[in-house]
There are 2 protein chains.
Amino acid sequence: MIQQPDGSKAPTMADVARVAGVSHQTVSRVLSGHPNVSARTRAAVTEVVEQLGYRRNSAARALATRRTHTLGVIAVNTTLHGPASTLAGVQEAARERGYLTSAVTLRAATEEALTEAVQHLAGWGVEGIVAITPWRDAVRALAALEAPCPVVTVEGGHDMDLPGVSLDQHLGARMLTEHLLTTGHSTVWHVAGPADWLESEARTAGWEAALRDAGVEVPPLLRGDWSPLSGYQAGQQLAGRVLASPGRAGGLTAVFVANDQMALGVLRAFREAGLRTPADVAVAGFDDIPEAEFFPPPLTTVRQDFASLGRSSIGLLLEHIEGTAEGVAHHTLAPELIVRASTARREPPRD
Amino acid sequence: MIQQPDGSKAPTMADVARVAGVSHQTVSRVLSGHPNVSARTRAAVTEVVEQLGYRRNSAARALATRRTHTLGVIAVNTTLHGPASTLAGVQEAARERGYLTSAVTLRAATEEALTEAVQHLAGWGVEGIVAITPWRDAVRALAALEAPCPVVTVEGGHDMDLPGVSLDQHLGARMLTEHLLTTGHSTVWHVAGPADWLESEARTAGWEAALRDAGVEVPPLLRGDWSPLSGYQAGQQLAGRVLASPGRAGGLTAVFVANDQMALGVLRAFREAGLRTPADVAVAGFDDIPEAEFFPPPLTTVRQDFASLGRSSIGLLLEHIEGTAEGVAHHTLAPELIVRASTARREPPRD
DNA sequence: CGACGGCATGTTAGCGCTCACAATTCTGGA
DNA sequence: TCCAGAATTGTGAGCGCTAACATGCCGTCG
């Protein structure tokens, strides 16, 4: 029974108590699963609750317990695959644990917008906030804000004094770069994401570390803004370079693009320039968006388990809310390398 | 001042009243913008509020006013571009109007899951629900559920007795089909979405109506599940057909694919089969996802303003909550045709 | 000059629930 | 048989706020 007889207002705990012939407190005990209630009473109350379609008033509960059981989420770019998946994971995990979540989607993670978002959520009495704001500046601003409740970051980096969860971007980039090196490329070029994104930074660092460890030259960096268009532009530059020095002068035979969407742009630029992928230049992306498997050609990439990331952030947040957290913890999840046709095996260069 | 001095608990309205030397009711009046308060008093109270970092307790307010100012959103597939954008629009609009939103992301829109979601939201006292569940069955189940608050659907069709907002899918499909017919194709094939999706149905209907109006043959329908893979498979079938009858036997020179992701799959299948787009077969999609512009080749598609759709749903919902709604209204937004390279102009067939 | 209406403010009584404690009943062992 | 102690249930007092009414003050009009 979901419906409320529309004329009369919703039944209260007192109504249930009266009908069941017990005190309102006993009803409360039954509903909270308190152990010391006789099976008889419990059954009687439960039946009346069903019959009346009674539902506890969460506002009254929140007032009496001083617990709202509400969490806030602050996110940007929620229309992209990564943030959207993370958000879904956060919401599902929170719901399972008995919390209501409310998400605030920002257009830009300025300090002002962040402050306003935190104020908005604080006004609703959230007990904690998950911030999916992967910029160094945003995380810094958030840390400085001193919100009235615990805040955990997602992809917020490990060097701030805010607890957080991340996928190991550095490792993913390293795996990908090493994959390219072991499949016959003398070095790997890189189209990075925006400089102020922590994810971008970590991917670049992982790429560079892998190259250095292998003792190979680190080519100059190109930068995009995650969009297919910026990837396309970077791709045009790279293609120009390849065509200008046909003898593989720059060793430009493999490109690690910092996300799949930009990789799509790079692929298009290469195709337009008459470069074949992977025969002339291998291309790899990052994220494994659902479309990646159907790119021309299917894209080698690094899969990120965004849903687990979201769930994990809720776990960490609740530790803080419930006071069982020790210090400022950071959780890290491992990514997975997905090899597809865009980086097909290459013969080692002949001497 | 965001931070609460951690040791002591948050100040109450009574605290503010005491410091400002007025009654708590006057503080309440100031905070609610009640007109009958002297400027002097108002200023004094405002200052104390600032100074103490006071924030009204929303639970207490909800209890006293019997208004939670909370809305629920039920959505499925929130990781896709369309639903995610709609969700963002819903949240932003609700926040602007002073409401808190809480989203429940379902894995599947079964009757059971829907019931549970509505129960969950009802338990939190939401005053209304926006349902982004574009299946006929889901909308039917929702209508039968008799939720304890108003429910509006997004893309829920116009034939149920639930108010809703939609983009005009029928018109969009018609525009696209007519575009293809006027650019020299004798007919247009169609890869539809799943049969139980209302959007899919409307797009198919629009396509068929355009063909009939033009007095041309309606080719058999292929069906996918929105995924690139299903598009790929449909594309393989279509390619096989073209190659089997090189003389354009089936008039298969143009395909309208029901969404951009499947179109990506179709494009790949055509490319693999040696068919050129648009020279051999023109391809068009639907949705205008951000990647569509970078497909090989850039995809002609129909742009949908999901954000406006979301905002519009909130407008409608609030009309129902505030009692100003007249009957079961349906709002419709017009889509926009985006012509790109995948349907480049075609010479009229020579006789 | 006194009654009256409008403005500014205060007082009181809940909203529906949980907490702390009190009261009652039931159990088993001396 | 009686009583300590546990199990079960009830009572009263808020949680922090708003709605409704009550009060006091001013100027104004008959």
Nucleotide by nucleotide, nucleotides 16-24 of chain D touches protein heavy atoms under 4.0 Å in the pattern (B base, S sugar-phosphate only, - none) BBBBB----
Which parts of residues 37-49 of chain A get close to DNA chain C, meaning a heavy atom less than 4.0 angstrom away?
none
Going from CD on A/E96 to CZ on A/R311, what distance comes out if it is rounded to the nearest 0.5 angstrom?
4.0 Å
State the CG-CZ distance between A/L145 and A/R140, to the nearest 0.5 angstrom.
14.0 Å
Contact between A/V73 and A/L87 at the side-chain level, heavy atoms closer than 4.5 Å - yes or no?
yes
NA contact type, B/T26, heavy-atom cut-off 4.0 Å: base, sugar-phosphate, or nothing?
sugar-phosphate
Quick one: sort the B/H158 and B/H330 rings into parallel, tilted or perpendicular, breaks at 30° and 60°.
parallel
In this structure, CG of B/D137 is separated from CG of B/L198 (nearest 0.5 Å) by 9.0 Å
Whole angstrom is fine here: how far is it from NE2 in B/H34 over to C1' in C/dG10?
13 Å
Rounding to an integer number of Å, can you tell me how far A/N36 CG sits from C/dA23 C1'?
15 Å
Pick from B/E319, B/H331, B/H320: which one makes a side chain to side chain contact (heavy atoms under 4.5 Å, CB included) with B/P163?
B/H320
Backbone N or O of A/A113 within a donor-acceptor pair of the A/T115 side chain at under 3.5 Å?
no
Separation of atom CZ in A/R67 from atom P in C/dC17, rounded to whole Å:
19 Å
I'd like to know if the side chain of B/S102 reaches the main chain of A/T101, judged simply by a donor and an acceptor atom lying under 3.5 Å from each other, with no hydrogens or angles considered.
yes
Where the side chain of B/S85 meets the backbone of B/H81, is there a donor-acceptor pair that is under 3.5 Å apart?
yes
Just how large is the angle between the end axes of the helix from C/dC1-D/dG30 to C/dA30-D/dT1, five pairs per end, to 10 degrees?
60°
Using 4.0 Å as the upper bound for N to carboxylate O, is an ion pair formed by B/E127 and B/R66?
no
